[in-house]
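Structure first, commentary second.
Here is the naming used below: chain letters follow the sequence lines, and residue numbers restart at 1 for every chain. These figures come from a predicted structure and were not determined experimentally.
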Protein chains: 2
Amino acid sequence: MSSVSIKDIARVAKVSHSTVSRALHNSPLVRRETAERIRRIAEEMGYRPSAVARSLVTRKTKTIGVVVTTIADPFIAEVVSGIEEVANDHGYSVFLANSNADPDREIKVVHSFHERRVDGILVTASRVGALYMDHLSEMKVPIVLINNQHPGEFVHSVMIDNVTASRAATDHLIQLGHRRIAYIGDQFGYQSDTERFAGYRQALERAGLTFQPELVVHGDGKPEEGMRAMERLLALSPPPTAVFCYNDMTALGALRVIRMRGLHVPEDISLVGFDDLFIASYTEPPLTTIRQPKRQMGRRAMELLLQLLRGENSQQTIWMQGELIIRHSTAPPR
Amino acid sequence: MSSVSIKDIARVAKVSHSTVSRALHNSPLVRRETAERIRRIAEEMGYRPSAVARSLVTRKTKTIGVVVTTIADPFIAEVVSGIEEVANDHGYSVFLANSNADPDREIKVVHSFHERRVDGILVTASRVGALYMDHLSEMKVPIVLINNQHPGEFVHSVMIDNVTASRAATDHLIQLGHRRIAYIGDQFGYQSDTERFAGYRQALERAGLTFQPELVVHGDGKPEEGMRAMERLLALSPPPTAVFCYNDMTALGALRVIRMRGLHVPEDISLVGFDDLFIASYTEPPLTTIRQPKRQMGRRAMELLLQLLRGENSQQTIWMQGELIIRHSTAPPR
DNA sequence: TCATAGGCTGCACACGTTTTCAAAAGCTGG
DNA sequence: CCAGCTTTTGAAAACGTGTGCAGCCTATGA
């Protein structure tokens with residue numbers, strides 16, 4: 001190891017380690033020349049202060065914990081990228097932990113963050129279990145949730161306005177002239193699914209279209225189930241002329257089975273996604289979707305956390321708006 | 001804050017804090033009943049040991065630093081996911097930092113890791129600057145590189161065998177009967193590009209095909225430049241009947257312009273990618289590509305690092321093999 | 001009953017900082 | 001030349017944990 005400490009510097013500079021500490025902090029308490037001399041020596045000796053020793057006395061680690069279901073999810077990765085950006089800009093380092101949506105692991109993660117004495121926590125998991133939540137709040141540290149279920153139970157979070165966005169997506173289809181519009185949801189019971197479904201229904205109602213339960217099927221947010229769901233829709237007679245999908249991944253699956261059936265998007269069926277993942281603009285045809293400001297959401301969440309860390313009490317939840325991105329997977333029905 | 005310490009427990013248990021420390025470590029030095037009593041009290045008081053205090057005395061933080069260009073890159077995210085998995089299983093927490101390939105930021109990151117006294121470092125950046133490297137090795141901590149340039153200058157790394165894999169990809173095209181096979185590379189000068197190009201040339205040579213410089217163009221590993229590159233290839237007369245792309249992202253761009261020209265994959269042009277990103281199986285047609293065992297590479301890298309942390313000196317670089325995944329973007333030429 | 005060994009426990013120091021408090025040194029004005 | 005003030009420095013405690021060492025207690029055997 002052999003890392004040099006403040007005392008080592010003190011020894012060669014022939015001052016006390018207190019003076020060294022002050023010199024390195026540009027404290028006005030130490031004579032200018034001495035300070036410069038000390039700083040020079042520190043530089044020469046390749047000194048790097050120990051954050052761990054500092055943390056012990058200041059009781060701040062300048063560290064935050066980020067828990068995600070899996071960083072391999074492109075949506076989450078983008079959010080985390082935004083988080084990390086502003087965290088780093090403010091001198092915070094981020095601990096990353098995957099929970100894999102496994103309750104045991106979630107608890108392990110929270111404990112590890114607790115023991116590491118992180119200053120704050122950011123959570124972007126699709127749902128947080130009640131138990132998990134208890135462990136979280138037990139550690140008296142600011143917590144900010146991103147797109148989480150049951151935000152009300154937590155104090156702070158940044159959320160996408162699912163209802164408005166899905167209404168916009170559905171409206172778009174209605175305005176193109178579609179009347180038989182299906183919805184492929186996420187697993188039943190998930191809050192974001194419920195909200196997106198609500199937006200879909202609202203749009204239908206406002207347009208005077210009667211809601212038809214047969215046009216609503218559920219996937220699990222991944223392409224495979226999106227395929228299954230789409231197959232069920234295509235088995236209907238007549239099949240829908242447009243489909244609004246819970247997310248882009250689901251749309252990807254839907255798109256594939258539509259093509260496998262020899263049908264065309266958007267000529268035979270219009271398709272709308274949600275998220276605007278990178279791939280959405282590279283599908284064939286490029287996918288009309290709702291853009292979530294992913295990186296921005298990460299940034300805002302971290303900024304909110306910073307406010308809390310500064311002791312400022314700020315708004316409870318920040319609402320972000322999705323944006324309808326019209327590409328080429330939607331067109332008027334035949 | 002009000003977090004309870006070992007001394008608080010000692011007070012209520014009416015023992016010294018040393019005894020508490022030993023009891024919590026299941027040390028045989030403390031009487032069984034006392035130990036149990038202490039552990040019960042600790043439990044009741046909601047005690048969580050402070051990793052920072054412990055680190056200070058043990059001089060180990062059980063922490064590793066992972067530096068990536070950007071976690072938003074799906075390839076990298078998958079690798080990191082593997083890293084985090086085994087790190088967590090072994091009680092290590094991971095600090096994640098994006099360098100954005102910005103030299104200043106790279107240096108900042110390394111300094112921050114140094115100050116945090118991470119036990120080891122994992123780097124998965126496309127290239128590490130020389131300067132950056134100096135800073136890295138300055139801190140006398142085990143470092144493992146993943147798919148990095150100039151691995152020779154570092155001691156330990158895990159690498160994909162680019163040459164063999166690209167040769168396999170190109171062979172596949174040759175065996176289908178293609179004779180006019182193009183290569184769209186990454187930015188010129190990158191080692192991975194050089195290696196993949198080498199594999200391509202080797203395959204050509206072994207098949208007795210003469211190498212034609214006009215069939216080699218460069219992108220930047222992203223779809224946009226892949227499009228430009230493909231346009232240049234389509235301007236050739238005759239254009240190639242098959243294209244091997246540096247990576248899937250590039251292939252994505254190529255695929256798009258091929259379609260925009262009214263041509264079809266694989267009927268008019270065969271296309272091969274590299275990486276096997278998730279999207280590769282959801283393009284139209286699904287993309288033939290070389291699978292890199294991304295998560296596995298992350299796991300192996302972390303395992304290697306763990307060995308080094310245990311003081312075992314192990315092999316210098318671990319070579320991983322890519323796997324040719326044949327989907328539907330390749331077929332015999334017309 | 002006493003010496004002794006072995007099982008438990010506490011004392012004290014260390015880790016590398018920050019920070020309070022006291023004291024030394026330097027300066028000013030009379 | 002000295003009182004009193006300001007500037008600069010050092011000593012010491014604290015943060016929470018781990019651990020070597022000394023010493024206490026108890027049981028055992030003579």
Query raised in the report: Given A/Arg117 and A/Ser55, is the side-chain hydrogen bond (donor to acceptor under 3.5 Å, both in side chains) satisfied, shown in steps?
Result: CA-CA 9 Å; A/Arg117 301 293 192 263; A/Ser55 299; over 6 Å; no
Query raised in the report: Are the side chain of B/Lys294 and the backbone N or O of B/Ala77 linked by a donor-acceptor pair below 3.5 Å?
Result: no
Query raised in the report: Starting at NZ of B/Lys7 and ending at P of C/dG10, how long is that distance when rounded to a whole Å?
Result: 15 Å
**Report entry** Atom pair distance, as rounded to whole Å: CE in B/Met45 and P in D/dG16
**Finding:** 13 Å
Query raised in the report: What is the nucleic acid contact for A/Ser21, judged by heavy atoms within less than 4.0 Å: base, sugar-phosphate only, or nothing?
Result: base
Report summary line: Among C/dA12, D/dT9, D/dT17, the one nearest any side-chain atom of B/Ser18 is C/dA12
Query - Whole angstrom value for the distance that separates P of C/dG16 from CZ of A/Arg59 - result: 20 Å
Report summary line: Closest to the 5' end of DNA chain C, once B/Val57 and B/Arg22 are matched to their nearest nucleotides, is B/Arg22
Report task. May I have the distance from B/Lys60 (atom NZ) to C/dA14 (atom P), rounded to whole angstrom? Result -> 20 Å
Report task. Would you indicate what A/Thr34 reaches in the nucleic acid, counting non-hydrogen atoms under 4.0 angstrom: base, sugar-phosphate, or nothing? Result -> sugar-phosphate
**Report entry** Verdict with reasoning, A/Ser18 to A/Ser21, per side-chain hydrogen bond (donor to acceptor under 3.5 Å, both in side chains)
**Finding:** CA-CA 5 Å; A/Ser18 331; A/Ser21 173; over 6 Å; no
Report task. Output yes when at least one side-chain N/O atom of A/Ser16 is less than 4.0 Å from OP1 or OP2 of D/dG10, else no. Result -> yes
Query raised in the report: Starting at the 5' end of DNA chain D and moving along, which residue's nearest nucleotide shows up first, B/Thr19 or B/Val52?
Result: B/Val52
Requested in this report: Mind checking A/His17 for me? I need base, sugar-phosphate or nothing, with any heavy atom below 4.0 Å counting as a touch.
Outcome: base
Report task. Go through C/dT18, C/dT9, D/dT17 for me and flag the one nearest to the B/Arg31 side chain. Result -> C/dT9
Query raised in the report: Does B/Arg117 put a side-chain nitrogen or oxygen below 4.0 Å from OP1 or OP2 of C/dC15?
Result: no
Query raised in the report: Separation of B/Arg11 atom CZ from D/dG16 atom P, in whole Å?
Result: 10 Å
Requested in this report: Send over the distance from B/Arg48 CZ to D/dC15 C1', rounded to a whole Å.
Outcome: 20 Å
Query raised in the report: Hey, is the main chain of A/Thr61 close enough, under 3.5 Å, to the side chain of A/Asp119 for a donor-acceptor pair?
Result: yes
Query raised in the report: Can you tell me how far C1' of D/dT17 sits from CD1 of B/Ile9, to the nearest Å?
Result: 12 Å
Report summary line: Which of C/dG10, D/dT17, C/dG16 is nearest the side chain of A/Leu56? It is C/dG16
**Report entry** Heavy-atom side-chain contact between A/Leu306 and A/Tyr92 under 4.5 Å
**Finding:** yes
Query raised in the report: Whole Å only: how far is the NE2 atom of A/His25 from the P atom of C/dT17?
Result: 10 Å
